[in-house]
Each structure stands twice: as C-alpha cells, then as structure tokens.
Engineer: 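Mind looking over this structure? Questions follow.
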Amino acid sequence: MKVIKKDNYILIEGLKKSYGERQVLGGIELNIESGEFVAIVGKSGCGKSTLLRLIAGLEPADHGSIMVNGQQLTGLNKTSRIMFQDGRLLPWKQVIENVCIGLPDSEKIKAMDALKQVGLEDRMNDWPAKLSGGQKQRVALARALVHNPSILLLDEPLGALDALTRIEMQDLLESLWMQQKFTSVLVTHDVEEAVSIADRVILIEDGVISLNQPILLPRPRQRTHPAFSRYMEEILGKILNRSSPKISLVRELQES
Amino acid sequence: MKVIKKDNYILIEGLKKSYGERQVLGGIELNIESGEFVAIVGKSGCGKSTLLRLIAGLEPADHGSIMVNGQQLTGLNKTSRIMFQDGRLLPWKQVIENVCIGLPDSEKIKAMDALKQVGLEDRMNDWPAKLSGGQKQRVALARALVHNPSILLLDEPLGALDALTRIEMQDLLESLWMQQKFTSVLVTHDVEEAVSIADRVILIEDGVISLNQPILLPRPRQRTHPAFSRYMEEILGKILNRSSPKISLVRELQES
Amino acid sequence: MKILTKETAKKFIPWFLPFTLLLGWQLLAWTGAIPERILPAPSKVVIAAIDLFSTGELLSNVSISLGRALAGFLIGGIIGFVFGLLNGIFRITDLLFDTSIQMLRNIPHLALIPLVILWFGIGETSKIFLVALGVLFPIYINTYHGVKNVDKGLVEMGKVYGLKGTSLFFNVILPGAMSSILVGIRFSLGVMWLTLIVSETISAHSGIGYMAMNAREFMQMDVIVMSILLYALFGKLSDVIARYFEDRLLRWNA
Amino acid sequence: MKILTKETAKKFIPWFLPFTLLLGWQLLAWTGAIPERILPAPSKVVIAAIDLFSTGELLSNVSISLGRALAGFLIGGIIGFVFGLLNGIFRITDLLFDTSIQMLRNIPHLALIPLVILWFGIGETSKIFLVALGVLFPIYINTYHGVKNVDKGLVEMGKVYGLKGTSLFFNVILPGAMSSILVGIRFSLGVMWLTLIVSETISAHSGIGYMAMNAREFMQMDVIVMSILLYALFGKLSDVIARYFEDRLLRWNA
Amino acid sequence: STDGSTEDVIRIGYQKNGPLIILKTLGTLEERLESEGYKVEWNEFQAGPALVEALNADSIDFGRTGNTPPIFAQAANAPFLTVAAGKSKFEGSGILVAEGSSILSLEDLKGKKVSFSKGSSSHYLIVKALESVGLTYSDITPVYLSPGDARIAFEQGQTDAMVVWDPFTSSTQINMGAKLLIDGEGYTTDRDFFIANKEFAKENHEIIDIVLEEIEKSSDWANNNHGELVKMLAPIIDIDEASIEMAVKRRVYGVDSINDEIIKEQQEIADTFYRLDIIPKKINVKEVMDD
Ligand SMILES: Nc1ncnc2c1ncn2[C@@H]1O[C@H](COP(=O)(O)OP(=O)(O)OP(=O)(O)O)[C@@H](O)[C@H]1O
Ligand SMILES: Nc1ncnc2c1ncn2[C@@H]1O[C@H](COP(=O)(O)OP(=O)(O)OP(=O)(O)O)[C@@H](O)[C@H]1O
Ligand SMILES: [Mg+2]
Ligand SMILES: [Mg+2]
C-alpha cells in the first residue's frame, strides 16, 4: 500500500450556498491541512452534507471558493471520494462488484480485502437488496476505502451501525488513516465519535462555523482519557446550550 | 387524544426465519406486555429488522407463532405501524401529504401537529427529495406517530439525527408513549438510547435472545442516575465481550 | 438576457432539423434536382394544403379523423390501462390475460380487416375498433411495466399505513407507475393517428387516412406529401400533449 | 406435489383463453353458426397450414420474412437505441433530434410507400427500411425514458468513483435503463413482424405479409386466419424472448 | 436494376390476376429475350395503382394494368406510354346482387349501398350504368372496398350490390349464387393496357415489340387451351377451378394495338373521372398513347 500522500490541503473561503430562497451555507471559512482528520457536527439540516457535496465538487457554490492543493476547484474533485449518506449501492451489481466500482483491474483484489475489513467477505456475491441497513452501509464504506483516495469525505458512515461494529469501524478508519495519511472529512451526528477519531471538530450552526475545536489527545485515542470527556462536554454544551432550552439535559450530560 | 389503549400484548414463541440457506432468527421467545416499551439491540445483520417485519406481519415466519392480543397473527398486523429503517417517503407527495398517508380525513389536522413536533412545520410543502437525511427520518417518524397506533414498531428511528435533535425526539417519543401507553418496540444501535427510554432491553445474538434486561429506572429517566450507567455497562459488556476480542475497549467503556 | 437567449434557443433548436430538411428540399426542387412529379416542392405542397383548406376539405377530413381517433383512443386506452393495471398487480389475471394480449398485439390490422368487416361491418364501428386495438397495446405494455416496477418498499409502506384498494392505488401504485404510463400515452397518441390510415381504407369517404390513401391511389404526390407532413405535425402535437402531462404529473421528479 | 401443480398451472393458465376461444370457434363452426366460407373452422385452418407447410411454401414465406424482419430489427433497433441514449444523456442532441424523431415516428408506412419506392426502389431495401423505421421508435422512446429515469444519485456516485464515458455507461446508465429498454425491445419485436405486412405489399412475391395480403385479395379466409394465428404466435414468441432477457438481465430485481 | 453483368434487363410488373402471369408461367419470354441479350425480372404487384407507382419511380419498365390506372398516371404526369391494349372483356365485369335481391333493374339501385373499389374500372362501370337509366352517382351510397373485402361485406349483407371484375365476379356467382344484374356490355370494354416507362419504350422499341409478340403468343395458347389454363391458374390465384373456368371462358386474351376507338374509350373514362372530380385536371389520353 502507498503510505505517503502528497499535499492534500483544502482552503475554503466565504463559501455560500442556497437552495432557492433557503440559504444553507452562509459564509464558511475552513482550512484543512493535508492529512488532517476533521469531523463536522451540527443539527440535522444544518448543511453538513451540502458542505461535503461542495468539497467533492458535486455542486457549484454560490459564492466563495474552494481550493484543493492550491487549485481552484471547478467541477468534480478528482482527488476525493465521497461516501454518501444514503449509501448508493448499485442494485444491479453484487456486493463485491459494488466495491470494485471504478477500480482499475489491477487493484480489484483489494476489494476483497476491504470487504473483509468491514466484515462482509461472506456476502460478496449477494445482491445489495438482500443486505441489512448496516451491511449496506459497510459495503459503501468499503467502496470508499478501497479507492485509497487522497481526500476521503464520509457522510455519516457509521450511522446505522451497532456499538460494537461501530467501534470496529472507527478503529479501521483510524488505522487506515494513520497508515495512509489521507485528508479526511467526517460528517457525524455522534460527538463521541467525532472526538474519538478527529484532529479537529467543527460545528456548523446557522450556516457558519460556530466552533472549531482541535482535539489534542494522543493516539490511539482512549475514551478514558480525562480530557476526552471535557472535549465532549465542551462540544455537546455548545450544541445543546445555544439552540435548546432543555438545560436540564445539558446539565445531566455535563455532570456525567 | 385517546389516552388508554386496549390490551396490546404480543406473544412470540419459537420464531424462526431463514432467507434461503441463511437462518436469521433461530427460535425467538418474547413476551411484550400491553403498553410496554421494549428496545432491541444487536449487531448489524443480527435480524432486528427482520423481527420487526415479522411482528408487523410483513413476512411469514418459517416456524413458531406471533400472537397479538391473543390472536394468531396471519398477514398484516393491522394494529401496528412500523417506521422503516429506510424511511420510505413517497417521493411524489409533499412532506405534509406523506405524513397524512392513510389518515382518515377527519384526523388530517393532526399531521400538522406531528410535523411541528418533529420540527419540520416550515417544510410541509417541500418534496422529500429536497430534505436532508435527518429531515427525511423525522418526517417518517411523524408519519408513524400521527397514526396513534396501538403497537408502534420503530426501526432505528433516530439513526441519522444529531445529539440535540435525537434527545428532543427521544423526549417526544417518551412523552407520547406516557400519554397514550401504546406498546412499543424500538430497534436501535444506541445502547444509551435503549436504556434511557425502554422498560426492557433485549439483545439478539446468533438468532436468539441472549439478554433480556428490564430497566427499572424511574421516569422521566435521568442519565445521571447511578443505575443508568450500570445498565449500560451490563448491556454493552454483553455485546462487546461475547463477540469481540477487543477487551480493552470494553474495559474502557466499563470503566468510564 | 442570457437566460432569454437560452430559452429561445431551447424553443428553436428542435425545429432546426425539420426546417433545414424542408429548405434543402425546396432548393433541390427549385434547381430541378428533384423532379416535380416525383417529389413536389414544399411550396407546391403548401399550395395543395391551402387549396384543400380553403375548400374546407382538409378541415373536415381532419376533424372526422379526430373524432374516430379520440373515440378509439379512449376505448383502447382505457382497456389497455385497466389490463395493464390488473396484470401488473394481480398474479392471476396476469397469468390469464398477458399471453393472450401479447398474441393479440401482434396481429396486423391490415390482415384483420376482413374479420373486422365480418364482426363490425363497414361503418364507424370497425374504424374505431381498429384505432382502439392499436392504442391498446402501447398503453397496456407500459402500464404493466410501470406497475410492476413500482418500488416494492413503498407499496409495503402504504399497506402498513392502512392503504388498500383504491387508496393504495391512487396514492402509491398509480403515481409510481405514472412516468412509464405517460410513455405509453405518448406512444399511443401517435398510434392513434397512424391506425387511421388502415381503418379508413374500410369504406371511408373522408378522414385524413382516407385522404392519404386516396391520393396514393391517384398518384397525387402533393397530397401524399401533405398528409405525411400533417401526420408529422400530429406526432409533434401528441408529444407536446404528453410532455404537458409529464410536467404536471411528474413535478416531484424535477 | 403442490409446487408441481402450481408450476404446471403457471404454464397452462396463459393458454386457457386462446384455447377456449379456439374451441368455441370450432364448436360454432361445427354447428354451422359461422358460415364456413366466411370464417373457416380452426380445423380447416390447420389443414390449410399443413397444406402450405407440406409444400414448403409456409416455411419459405416465414423464413424470407424472418430475414427481412431481423435485418430491419437490427438496423432500426440500433439506431433507435443510439438516439435514445444520446438524447437521454445529452441535452443538446435531445434538443436537436427529439422533435424530429417524434414527428418521424408518426408517419404511416402506408403513406410513405410512394416515397420509399422513390428512394429505395421496390427491392429488399425498401422492405427492410420500413421494418427498421417501425422498430426504431418503440426502442427509441423506451431507451430515452429509461436513461432519463436512471437514479441521478447513482450516476453521481459513479462519477465520484471515477467512472466516465463508457464505464459510466455500462456500469450505471445501461443497467439502470435496462428494464425500460427491454419493454421497448419486447414491443419492437412485435412491430418487426407487423411492419412486414405493409412492406411486403411493395412488389413482393413471398413472405408472411405477402401471404396474408394476397389471401385477403382473393378472400382465402383460411389463409388469412392462418396468417393471423401465425402472427399471434410470433407475438408470443417475441414475448418469450423478451422475458428470457428480462430474467437474465434483471436478476437483481427479483 | 442490373445485377452487375453486362446483360440488359427488362423489369416487368405483373399481377397474379392478369394475362402476364400466363406469359410468366409459360416462361417463353425469357427464352426469346435471352437471344437478344436481355434478362427478365418479374415483379409482382397486388394492384394496378401500385404497379403504376413503381413505374413512375422507375422501378419497373413494363407492366399491365386495367383501364383506369393509366388515367391517374397521366394526370400525375408519370413518364409512361401506353404501348398496347388488351382485348375487350366486359362479360366478366358487372354488377352483382344477391340471389333473391329486390334489386331487379338498374333503377332499383337508387338509394342502395353499392361497393366497388374507388377509381377502378368498376367505378367507371357503375357511373355509366347509372347514367344509362337517368340516375346519377349521388343516387347510390358508394362503399369503397377492395374486391376481397367487398366480397365479405357483400356476403354479410352489408352492401346491396357489388361491382367487380373476374374472377371475383365468377367466384361470387358460383360460390354465393349471386346474380349479375348487368355485365359491362354497352357500358365499358374493360380492357387491359400494357404500359411502359417512356424512356425505356423509346430506347428499346424492339424489345417491347418482342414482349408484345410473346404476350400475343401466350394469349393464343391461353385462348386455345382453356383446360390447361385453368389448371395453371387455379393454384396461382388459389380460387376454385370452376370460378376460373367461368372467367377464362368469357374472355379473350390478346393484344390490340392502339387505335382511335380505344383512344376514344379511354378519353371517355378520363372525362368522366374529371367530371366526378376524381382526377384534378382534364387530360388528353392520346398524348400517352404509343401508336
Ligand atoms: N430479503 C432478504 N434476502 C436475503 N437475506 C436477507 C434479506 N433481508 C435480510 N437478509 C439478511 O438477514 C440478516 C438479518 O437482516 P436484518 O435486516 O434483520 O438485520 P438487522 O439486524 O436489521 O441489521 P442492521 O442493524 O444492519 O439493520 C442479514 O444478514 C441480511 O443480510
Ligand atoms: N436539493 C435540495 N433542494 C432544496 N433544499 C435542499 C436540497 N438539498 C438540501 N436541501 C436543504 O438544505 C439544508 C441542508 O441540507 P443538508 O443535507 O446539507 O443537511 P445535513 O446537515 O446533512 O442534515 P442531516 O444531518 O439531516 O443529514 C436542509 O434544510 C435541506 O432541506
Ligand atoms: Mg446530511
Ligand atoms: Mg435493520
């Protein structure tokens, strides 16, 4: 496996995006260093997926710019792979073929590896329609990982997974990232997940970045590390405080 | 709103289900009392959705029986509503119409209420395709709730929601359930969610119920309650221990 | 400004090819490369059209045909639609009828004329019957396909949420099959006009099909070409109608 | 045992209706309710068929027609397919060609014959041309519809994962449009035979269309009816072929 | 079209129900033309108008039609010449009524449904017959059908009378027991016409003469061998022998060169059709007659 990626930094300046009347992103400023692991959190509908789609070059911005490796992004971002929130497996391709999508023939053997890593090697010849929700998600994850991209964009990749599988997959992600040092942007609704894997956690609120929190914990991350829960409190506090009157819940969480 | 539901207990005996060669459920024994709130957890692909589909009468069992209110279930379970893991909004109906599906005309006003409760009243006239992942999920939740069913089956209803929205929705679910006392079966991958809302948590492993843990905490549940984390440890421990060698992680979690 | 030009371009580009063809043809006719008697110049065709129009002949032919076409379309369309639905939904009607319909669909109208005369005589009934028969199949086959391809998950959802019978049909199955059904309608709106040329050989005295076949018999190339152009316009018209319904009924898919 | 009966039922039920019709007709013929001269009994039709078969006439007619049909099918099918794809994928070709094709599709073959003879003479070319023209549109319209309706999300996914051009086409667009394309193929396999009855009026002396029209001219009702039945069988055959491909190509959808 | 060899080809259009089928079946023309370095290509047509259509498009060089298609061809400026005529054959053309029909005379046709194929010799015949008893075309309800379809409508009682030519006439008489109200005598001669592509006729005069000669010969054979002729035609036309026999017995095969009388007959048809608005302009049939 290749180990060192070349520079894959992303510079986002004044990024705005509206759908019709509704402004979703209202001026995002964000620099992501090459090989950095950034997690994005925020309320449902706050524009996390939209930001990821813009970075992937799937949609044009209304204002502002995205630079990848110093180059203005226009059209598809060829250095990136995105794992979509809704999986998007090709229903007419068997699991293994879905993982192979877009791979050069010479690398097709890697697909089997990736499938093994997400624990689905015995399902390689099934149609996607026969998989459970979490299994589909893992196939999509395997597909994104096998491409060995310079920039990996993950939109809630583990949202449908149980605690155990989720931890396994987080470990898998972290170890692959440590090996290959790709630049990674992870959208997640799970703050614990964000803190346990990312170098930096970003909170989107009202279309702008309202929190930009570096996580300075040693790796491999220990959830028992005293600072871990402080980070979580900090971020959760910001999320829950600002936009909700349910202080009691926040307090509960902060106290725990 | 109606407050008291008639008896809605569910008796499941020796339930088996295979897809082709693959046995998914291998003899489930489960009694759910009327008005009880049961949460089901288990590894991805362990058969949670399958069990829910069987209770909803969407698929016939291979062996065993499901009794609802003392009656053998054959065909669709008319007293239940299921919220599917994959949302299943009708793309050709606007949000509000999707919530209204199957409602008698006289109750259509309730749809607006439900939409408000999930925080999407301003999106009522949008097409589902324009919603974010979490928004879609909340529309599906509103649709399930508005029917006021005697038995509510929820398949990962909050899987795509951020921490705040998730807590709001859990509160919503709990308060509705306390008011209406419907029988409720919740599939979730989040053990914390299970413990904080259910009367009983059930773990499916290898096609059978390997843990059947009543949660004897007072309501409204406090995450700060000392027993809360003991319950979580117990269940997580069972999940992580049995099927994984990553004891370190388990220990971490148990220690926290 | 730019949007305006884009919009107008969208309106005009589709007519580029037909008009270029017409122009080329007119030029060839002028230079004498195409002899008049073989392919009359568009200008001649227009004159023939104006001629027929001013005598009221063209209008009466078209309107008589239109009556037959619509009657046949309604009858055949409804039958095709109903069978498409039934066979798409119910296993048993599918088994019972699909094979028969697939066989029936392949019987050429021209060969059927003797039998049609036998069954329905030489009046309007036979003409409308043939149009109905022609229209039936595109609608049948596309409705059938549309219904079969409605997302099973959505049908399941509908059933769980208490829809059944007509409410399941109108809320889930019909909208799910609509895009395919509209393809069938688009196709059969064309067939509707097409069939007239066969059915109006049965003892007709008027109608666009009659006019075309009559002109062919009497070698009036200008009228033949005019009928062909008229048919082409009707083809475009059916397309416009189908598109209108697509835009209305498939808004959610935009 | 039960599965066996179910399987056999599935095989036989589709033939219930055709056979009941045949039987009723035979009975009516025996009782004399239908005069022999006008609608010969099925038994007579069978005799006519055996007759034509034993002289080799039937087989040679069918095989000659089959040649024309297949040639036309290939040419028209490919053209329709290609245009359906192009117009489904590219906005510009869509604007340029769709209107023209929608117009062309509505021109009746019978009216076109004078022009076809002018362009292609009275030989095989004109016959094959007409079949190709007839086959073109069902394939075009269904390919177009299929391509337009491929899940945009999947196309996007394909592009993100580095598919483009042919690989995007073969991995995403074609399989996504396949079910609709197969409807077009099913339809046009029928049209392929149907068009022959028109094209074989162009100075033919063999072929199934010729046989039918010739019989109609001289009121050989047994041959007419036999041709009709033959066409019907071909209709069923095209259905079987289309279904075979559906079963193979749409396995994932089962 | 030539098949690439240096040999010349004459492309002949024929109908199954006409004199050329005899020549084709006998095969004598091929033998005769082979020595002239010509090949024969036979093209079958189901109706006269289709044959003329092909002639107009230069797809055939020579053919036979009834008496009306050349009128339409001339009105459409088709480049052809009428090179010869057939013999008069009015006996086999006529108006048929069902046995026991209340129609006993031409006058009785008033208000009745009469079927014939539009623009055919039968069309002319019915107009002439009506005129002869002071009726006009609008006194009947015309039902335009081709002979095969007309027969079904007639047998079903959908039409009251049917105007048609042999062997449809004889077949209907024999198989259905229909009666001939009148035949063509005194109304029409109902000749065949031999027509040729104008250019071809000018450049290959001798060939056409040879063809006409051979037609003449085959006609003589046909006239003298009714028994064999019936046996020859029955399987080709596929009508019962009795009907064919009746048809061949009441006609004479042969070739007449164009003369004033024939021109007059044809001009009369043209004028009638112009009057009835079937052709759009007045024509002078002499212009396309090769004499
Ligand atoms: N239609 C089907 N055909 C074949 N196998 C199926 C089918 N549906 C589900 N399965 C298999 O049955 C098993 C259980 O599936 P199920 O959807 O119940 O899992 P689950 O517990 O809901 O998992 P998840 O948490 O990932 O949603 C899985 O291995 C799945 O692949
Ligand atoms: N194609 C579209 N047309 C109109 N509005 C859209 C479209 N796509 C997204 N939106 C809206 O933009 C907003 C942001 O959507 P986005 O999918 O980015 O949210 P998100 O942060 O990913 O939410 P979630 O956590 O629920 O997935 C939402 O309000 C959504 O309704
Ligand atoms: Mg999202
Ligand atoms: Mg599931």
Side-chain angles (χ1 to χ4, degrees), chain B residues 49 52-59 73 75-105 107-108 111 114 125-131 136 139-155, chain C residues 81 84-85 88-94 139 142-186 241-254:
Chain B
S49 300
L52 233 51
R53 289 175 59 81
L54 288 171
I55 297 177
L58 287 172
E59 272 175 81
L73 183 67
L76 216 59
N77 183 346
K78 297 223 177 64
T79 54
S80 74
R81 290 291 178 271
I82 182 170
M83 175 183 163
F84 294 93
Q85 193 170 7
D86 50 353
R88 303 202 185 171
L89 303 184
L90 296 173
W92 45 81
K93 293 213 175 265
Q94 294 164 350
V95 164
I96 183 75
E97 293 171 322
N98 258 294
V99 178
C100 283
I101 276 293
L103 273 193
D105 285 343
E107 299 188 18
K108 296 227 156 153
N125 293 320
D126 275 334
W127 301 114
K130 311 238 136 152
L131 298 183
K136 281 184 198 143
V139 175
L141 180 63
R143 182 172 65 186
L145 295 177
V146 81
H147 268 252
N148 230 334
S150 315
I151 298 174
L152 184 61
L153 308 172
L154 300 164
D155 197 349
Chain C
F81 180 66
L85 285 179
I89 298 173
F90 302 110
R91 188 90 195 90
I92 179 69
T93 55
D94 191 9
I139 295 207
N142 280 291
T143 305
Y144 181 82
H145 171 250
V147 169
K148 284 252 173 198
N149 278 279
V150 174
D151 185 340
K152 302 279 173 302
L154 293 180
V155 176
E156 205 175 71
M157 185 281 295
K159 284 184 184 156
V160 167
Y161 280 85
L163 302 184
K164 51 179 174 259
T166 49
S167 66
L168 185 67
F169 173 68
F170 283 111
N171 287 301
V172 183
I173 297 174
L174 187 62
M178 189 50 83
S179 126
S180 182
I181 293 174
L182 284 171
V183 173
I185 289 180
R186 167 176 301 191
I241 293 172
R243 256 177 219 277
Y244 170 78
F245 282 108
E246 271 175 18
D247 286 349
R248 269 185 68 100
L249 297 173
L250 306 180
R251 254 172 316 158
W252 55 272
N253 208 7

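By convention in this document, chain letters (A, B, ...) are assigned in the order of the sequence lines, proteins followed by strands, and residues within each chain are numbered from 1. Basis for what follows: all heavy atoms, side chains included, without hydrogens, waters or symmetry-related copies.
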Engineer: Identify the heavy atoms of C:Tyr161 and B:Ala140 that sit nearest to each other, and give their distance.
Structural biologist: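 Minimum heavy-atom separation between C:Tyr161 and B:Ala140: OH-O, 4.5 Å.
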Engineer: At a heavy-atom distance under 4.5 Å, which candidate from B:Arg143, B:Lys78, B:Gln94 has the highest pair count against chain C?
Structural biologist: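 Winner by heavy-atom pair count: B:Arg143.
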Engineer: Can you confirm whether B:Lys108 is buried at NZ, in the sense that more than 12 heavy atoms of other residues, nucleotides or ligands lie under 6.0 Å from that atom?
Structural biologist: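 Correct, the count exceeds 12.
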Engineer: Select one option (side chain, backbone, both, neither) describing which atoms of B:Ile101 are under 4.5 Å from chain C's heavy atoms.
Structural biologist: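 When you check distances to chain C, atoms from both the backbone and side chain of B:Ile101 fall under 4.5 Å.
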Engineer: Going by side chain to side chain donor-acceptor pair (under 3.5 Å), name the residues that satisfy it together with B:Arg81, two or more places apart in sequence or in a different chain.
Structural biologist: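 For B:Arg81 the side chain to side chain donor-acceptor pair (under 3.5 Å) partners, ignoring immediate neighbours, are B:His147.
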Engineer: Among C:Val160, C:Leu154, C:Val155, which one satisfies side chain to side chain contact (heavy atoms under 4.5 Å, CB included) with B:Arg88?
Structural biologist: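 The residue from C:Val160, C:Leu154, C:Val155 that satisfies side chain to side chain contact (heavy atoms under 4.5 Å, CB included) with B:Arg88 turns out to be C:Leu154.
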Engineer: For chain C, find which of B:Ile82, B:Asp86, B:Leu89 contributes the most heavy-atom pairs closer than 4.5 angstrom.
Structural biologist: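 Looking at each option in turn, the highest pair count goes to B:Ile82.
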Engineer: Any pair with a residue in residues 242-254 of chain C that passes salt bridge (charged side-chain N to carboxylate O under 4.0 Å, His left out), sequence neighbours left out, goes on the list, sorted by first then second residue, please.
Structural biologist: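 Listed by first then second residue: C:Arg186-C:Glu246, C:Asp239-C:Arg243, C:Arg243-D:Asp98.
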Engineer: Top residue by heavy-atom pair count (under 4.5 Å) with chain B, among C:Gly162, C:Gly153, C:Pro175?
Structural biologist: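 Most heavy-atom pairs under 4.5 Å with chain B: C:Pro175.
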Engineer: State whether the number of non-hydrogen atoms from other residues, nucleotides or ligands found under 6.0 Å of C:Lys164 atom NZ is greater than 12.
Structural biologist: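 For C:Lys164, atom NZ is not crowded (no more than 12 foreign heavy atoms under 6.0 Å).
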Engineer: Side chain to side chain contact (heavy atoms under 4.5 Å, CB included) with B:Trp92: which of C:Leu249, C:Leu174, C:Asn171, C:Val172?
Structural biologist: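 Of the listed options, the one satisfying the test is C:Val172.
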Engineer: Answer yes or no: is there a side-chain heavy-atom contact under 4.5 Å between B:Leu58 and C:Lys159?
Structural biologist: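 Result no, sub-4.5 Å side-chain heavy-atom pair not found.
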Engineer: Around atom NZ of B:Lys93, are there more than 12 heavy atoms of other residues, nucleotides or ligands at under 6.0 Å?
Structural biologist: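 Buried by this count: over 12 neighbours within 6.0 Å.
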Engineer: So how far is it from C:Met157 CE to B:Asn98 CG, rounded to the nearest 0.5 Å?
Structural biologist: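 Result: 6.5 Å between the selected atoms.
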Engineer: Let me know if B:Leu103 has heavy atoms under 4.5 Å from chain C in its side chain, its backbone, both or neither.
Structural biologist: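 When you check distances to chain C, no heavy atom of B:Leu103 falls under 4.5 Å.
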